Amino acid sequence: MRWSNLFTPTLREAPGDAEAASHQLLLRGGFMRQLHAGHYSMLPLGWKVHEKVAKIVRDEMNAIGGQEFLLPAMHPKALWEASGRWDGMGDEMFRLHDRSGTEVGLGMTHEEVFASIATEINSYKTLPQIWYQIQWKFRDEPRPKAGLLRVREFAMKDSYSLDLDHAGLDANFDKHHDAYVRIFDQLDLAAMPVEASSGAMGGAGSIEFMVPSPSGEDDVVRCPDCDYRANVERATSKVTPITDDPPPAEPEKFPTPGIRTIKALEAAGAPATSQMKSMIMMLDGKVTIAVVRGDQKLNIQKLQDSTGAIDLRPATPDETVEHLGARPGSLGAVGVANDIAIYVDASLRGRTNLTTGANEDDFHYRGVDIERDINVAEYIDLREVQAGEHCHVCGATLEIVRCIEAGHIFKLGTKYAEAMGAQVLDADGKMQTIVMGSYGIGIGRNMAAIAETHYDEKGLVWPASVAPFEVVLTVMNMSDSDTVKAAETLYDELRAARIDVLIDDRDARAGVKFADSELIGIPYRVTLGPRGIKDGLVEFTERKTMQTEEVALGDIAAKVIATLV
RNA sequence: CGGGAAGUGGCCUAGUUUGGCUAAGGCGCCUGCUUUGGGAGCAGGAGAUCGAGAGUUCGAAUCUCUCCUUCCCGACCA
């Protein structure tokens, strides 16, 4: 490619509404432009990187036996009703009507479509299968974010495994796990596999691949000593047992005028570890109380996962008053009517002598014995792990790392196959429902994750595997015919060797050419100028280290090829 | 959807508090000359209904109202 013919509008300054590093640099380098919130146009340079990422993913999917498909983005309503997700996906699904008034949805993922195709498999002999595509997903995200990190329209590699049984699923899951490790290795992303919540996908188990980055949106609990890693939506930690003093015969109500917070109550003599924090939640329209220890935080995803609720939100102050008779700050679960489910964090099991709100403004109870005084529906893991707690595996002090979710693999089980009627006859002639797995990598998000972790004060520093070009030939003076001739010869040689080479043949000053090539992050640069050409020398610079060495003009082609191939 | 911030040529900003002449500067862009190893210099030039609409006023980028859009923090996800 000739830079004189390349459309890559670079900017000296980042547009004001870009904050994340990847967002700023991808805009400044002319890789992309925003059309509106959550929708980006890929410019030639951005598309090149995108497609290089996609190729790495595609090659690894093919390597584990994946077969590539291309499915429609627009789906009939009936298909999603069959799986129960037409309603389950809520506002996140884009929906529209065709001219006859028929409702359709834009695909957020393709379990339903692939499962419906899988109905054409009739024999166990056809299994296992791995099917995949790299295709556009649409999600009406409530809040698109940080450029390409979270958008409403994006290319995803989604693959699906089809097996006769769970052992087969496990094997395909592991294959994907290994393929993902190889993909992230080639993308030069330090992605760590972590235990994850399955969320709206359903299913038995899932692992997320998480790239540490301050621009991420997920918190991962990481043990520094063993290999325990889990999303906070799922992570657990060791709880230091607390022995309570024996409780009084019954809870004692006492006045707490003006006390509305755990902290204030602590100042009034009740340690946070002996308080119950009661949160009133609406689960699919039903009032529910979730209780954690005073010093702990409720993780809503955990509540959702363990109750199976679809629509889950904190109750409004009005709802709280209506159902419990008091406002937030004086709420508790003691003596609450039977029709309100009370879920209590497992770490509170067996505790006695606790303090909690009395459901009467300005009053609390103390001396509460959970088993005795509260009608607990279920003890479940509800609390969010905090940094400094201890690993439940090895006891080391846990840390919390902010991460970008680069990939997610799920063991789906039979949910979608069952909904679509994807069944096969097994070796015994019995009908079996196909067992599925589903595996996703967002291409654009990975591109952003690479940018987010590969830059310096001069600009981007792409790994050669995904760089828009592998090497740039920077011609210092376009009016010096010897220099131009040497550059053109080298350009032809490198192209013949299938190197992705860019020649900067613009009639611009050296400083501009250097700055641009550094901004767009081409991993290697050959600098050709009259000064060196005179002595038969050129310069070879590595973007990452900015180290330069002089190389004889006659050797440079071989040097570049050896470095890149 | 709740909370916060902001919309002025392609990009970054000033001007808005206290309404007042042709909306200013830098970068980028075009033409010419000059220059050619780190975003050059000189001269000339193009480019803006100041997010949109309504209102107040002799007069609105500036004040009022409504709406739209974007960004950031929370509830969702690759």
Side-chain angles (χ1 to χ4, degrees), chain A residues 9-20 23-24 27-28 30 33-38 57 89-93 108-109 134 136-137 139-159 180 191 196-201 206 208-211 215-218 231 233 281 298-301 303-304 310-314 316 404-410 438-449 458-459 474-480 483 507-519 527-533 538-539 546 548:
Chain A
T10 57
L11 302 170
R12 278 217 202 182
E13 292 173 283
D17 49 13
E19 190 166 291
H23 190 191
Q24 294 192 354
L27 289 173
R28 282 190 57 207
R33 287 294 183 259
Q34 183 182 56
L35 185 61
H36 57 141
V57 173
M89 284 303 188
D91 290 336
E92 205 171 323
M93 189 168 197
M108 312 171 52
T109 172
I134 295 175
W136 297 93
K137 307 295 183 230
R139 297 184 185 179
D140 192 353
E141 292 290 344
R143 186 153 95 83
K145 224 199 116 180
L148 246 33
L149 276 178
R150 175 170 219 78
V151 293
R152 305 205 299 173
E153 177 182 354
F154 61 98
M156 178 163 94
K157 184 287 294 177
D158 48 322
S159 53
Y180 275 36
S197 156
S198 297
M201 300 294 290
S206 78
E208 288 168 327
F209 289 82
M210 296 298 225
V211 177
S215 296
E217 301 178 88
D218 285 84
N231 194 306
E233 293 172 347
M281 306 291 297
L298 170 69
N299 186 292
I300 291 181
Q301 187 67 43
L303 178 63
Q304 180 159 28
I310 291 170
D311 179 35
L312 183 148
R313 61 173 174 84
T316 64
I404 297 166
E405 183 187 348
H408 200 163
I409 58 180
F410 297 88
S438 135
Y439 316 88
I441 289 184
I443 305 297
R445 178 181 287 181
N446 272 270
M447 174 177 163
K458 293 173 184 293
T474 302
V475 186
M476 287 291 87
N477 187 338
M478 288 302 292
S479 57
D480 184 82
T483 304
D507 185 18
R509 297 176 63 85
V512 172
K513 294 189 176 191
F514 287 145
D516 274 344
S517 73
E518 285 152 9
L519 174 61
T527 307
L528 305 99
R531 213 168 64 187
I533 291 294
V538 297
E539 286 158 30
M546 291 307 284
T548 296

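Treat the numbers as computed from the prediction; the structure is a model and nothing was measured. Chain A is the first sequence line, chain B the second, and so forth, proteins listed ahead of strands; every chain is numbered from 1.
- The CG-C1' distance, from A:Asp516 to B:rC27, rounds to 13 Å in whole Å.
- Side-chain atoms of A:Lys513 come within 3.5 Å of backbone N or O of A:Val475 as a donor-acceptor pair.
- In this structure, CZ in A:Arg531 is found 12.5 Å from CG in A:Leu528, a value given to the nearest 0.5 Å.
- Side-chain proximity of A:Glu405 to B:rC77, B:rU36, B:rG37: nearest is B:rC77.
- With distances taken from any side-chain atom of A:Phe514 to the nucleotides B:rC12, B:rU70, B:rG38, the minimum falls on B:rG38.
- Regarding A:His23, its NE2 atom lies at a distance of 9 Å from the C1' atom of B:rC71, rounded to whole Å.
- Across all strands shown, A:Ala515 has heavy atoms under 4.0 Å from base atoms, whether or not it also approaches the sugar-phosphate.
- Distance A:His408 NE2 to B:rA78 P: 6 Å, rounded to the nearest Å.
- The residue A:Gly529 sits close to a base: some heavy atom pair falls under 4.0 Å.
- Across the C1' atoms, B:rC12 and B:rG20 are found 28 Å apart, a figure rounded to whole Å.
- In this structure, of B:rU70, B:rG37, B:rC76, it is B:rG37 that holds the atom nearest to the side chain of A:Met476.
- Note on A:Ala146: only backbone sugar-phosphate atoms sit closer than 4.0 angstrom, heavy atoms only; bases stay farther off.
- Residue A:Ala18 is out of contact with every strand shown, counting any heavy-atom pair closer than 4.0 Å.
- Comparing B:rU36, B:rC72, B:rC71 against the side chain of A:Ser479 picks out B:rU36 as the nearest.
- When the side-chain nitrogen and oxygen atoms of A:Arg143 are compared with OP1 and OP2 of B:rC73, one or more of them lie within a distance under 4.0 Å.
- Base contact: A:Glu518 has a heavy atom under 4.0 Å from a base atom.
- Atom C1' of B:rG26 sits at a distance of 27 Å from the matching atom of B:rG19, rounded to the whole Å.
- Counting to the nearest Å, the P atom of B:rC71 and the CG atom of A:Leu148 are 13 Å from each other.
- Between B:rA40 and B:rA60, the distance separating the two P atoms is 42 Å to the nearest Å.
- Nearest-nucleotide mapping onto RNA chain B: of A:Pro15 and A:Glu217, the residue sitting toward the 5' end is A:Pro15.
- For B:rG9 and B:rA61, the P atoms lie 14 Å apart once the distance is rounded to whole Å.
- B:rU13 and B:rU8: their P atoms are spaced 9 Å apart (whole Å).
- Annotation: side chain of A:Met476 is not in contact with side chain of A:Ile533 (no heavy-atom distance under 4.5 Å).
- Across B:rU70, B:rC76, B:rA75, the shortest atom-to-atom separation from the side chain of A:Pro142 is found for B:rA75.
- Each of A:Asp218 and A:Glu19 has a nearest nucleotide on RNA chain B; the 5'-most of these lies closest to A:Glu19.
- When distances are taken from the side chain of A:Asp17 to each of B:rC71, B:rG38, B:rC76, the shortest belongs to B:rC71.
- The shortest distance between the side-chain N/O atoms of A:Arg509 and the OP1/OP2 oxygens of B:rU36 is not below 4.0 Å.
- By the 4.5 Å heavy-atom criterion applied to side chains, A:Glu405 and A:Asn231 are not counted as neighbours.
- Without hydrogens or angle criteria, A:Arg139 side chain to A:Met108 main chain gives a donor-acceptor distance under 3.5 Å.
- Of the C1' atoms belonging to B:rC30 and B:rG4, the separation is 42 Å, rounded to the nearest Å.
- In this structure a side-chain-to-backbone donor-acceptor pair under 3.5 Å is present from A:Tyr180 to A:Gly440.
- Looking at A:Lys458, its side chain never comes within 3.5 Å of a backbone N or O of A:Ser517 through a donor-acceptor pair.
- Taking atom NZ of residue A:Lys145 and atom P of nucleotide B:rG74, one finds them 7 Å apart after rounding to whole Å.
- Closest approach to the A:Arg445 side chain among B:rC72, B:rA78, B:rG37 is made by B:rA78 (side chain taken as heavy atoms from C-beta onward).
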Secondary-structure string, 5' to 3', Watson-Crick or G-U under 3.5 Å, | for another-strand partners, for RNA chain B
((((((((.[[[[.)....(...]]]].(((((.......))))).....[[[[[..)....]]]]])))))))....

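- For B:rC71, the OP1/OP2 oxygens have a side-chain nitrogen or oxygen of A:Gln34 closer than 4.0 Å.
- Within the 3.5 Å criterion, the main-chain N or O of A:Leu149 finds a donor-acceptor partner in the side chain of A:Arg445.
- Side-chain atoms of A:Glu13 lie closest to B:rC12 of the nucleotides B:rC72, B:rG38, B:rC12.
- Donor-acceptor pairing under 3.5 Å, judged by distance alone, is absent between the side chain of A:Arg139 and the base of B:rC77.
- A donor-acceptor pair under 3.5 Å is absent between the side-chain atoms of A:Glu141 and the main chain of A:Arg152, judged by distance alone.
- A:Gly90 comes within 4.0 angstrom of no nucleic acid atom, judged by non-hydrogen atoms across all strands.
- Residue-level contact check: A:Val151 touches the bases, meaning some heavy atom is under 4.0 Å from a base atom.
- Here B:rA78 presents its P atom at 10 Å from CD of A:Glu233, a figure rounded to the nearest Å.
- Taking atom CD of residue A:Glu153 and atom P of nucleotide B:rA78, one finds them 17 Å apart after rounding to whole Å.
- Residues A:Ile441 and A:Phe209 fail the side-chain proximity criterion, which asks for heavy atoms closer than 4.5 Å.
- Taking atom CE on A:Met93 and atom C1' on B:rC76, their separation rounds to 16 Å, with Å as the unit.
- Side-chain atoms of A:Asp91 stay outside donor-acceptor range of the base of B:rC1, with no qualifying N/O pair under 3.5 Å.
- One C1' atom belongs to B:rG7, the other to B:rC67, and the distance between them is 14 Å to the nearest Å.
- A donor-acceptor pair is defined here as one N or O able to donate and one able to accept, closer than 3.5 Å; such a pair exists between the side chain of A:Ser206 and the backbone of A:Ala196.
- Of the P atoms belonging to B:rC63 and B:rA5, the separation is 16 Å, rounded to the nearest Å.
- Taking the side chain of A:Arg531 as heavy atoms from C-beta on, and the options B:rC76, B:rU70, B:rG37, the nearest nucleotide is B:rG37.
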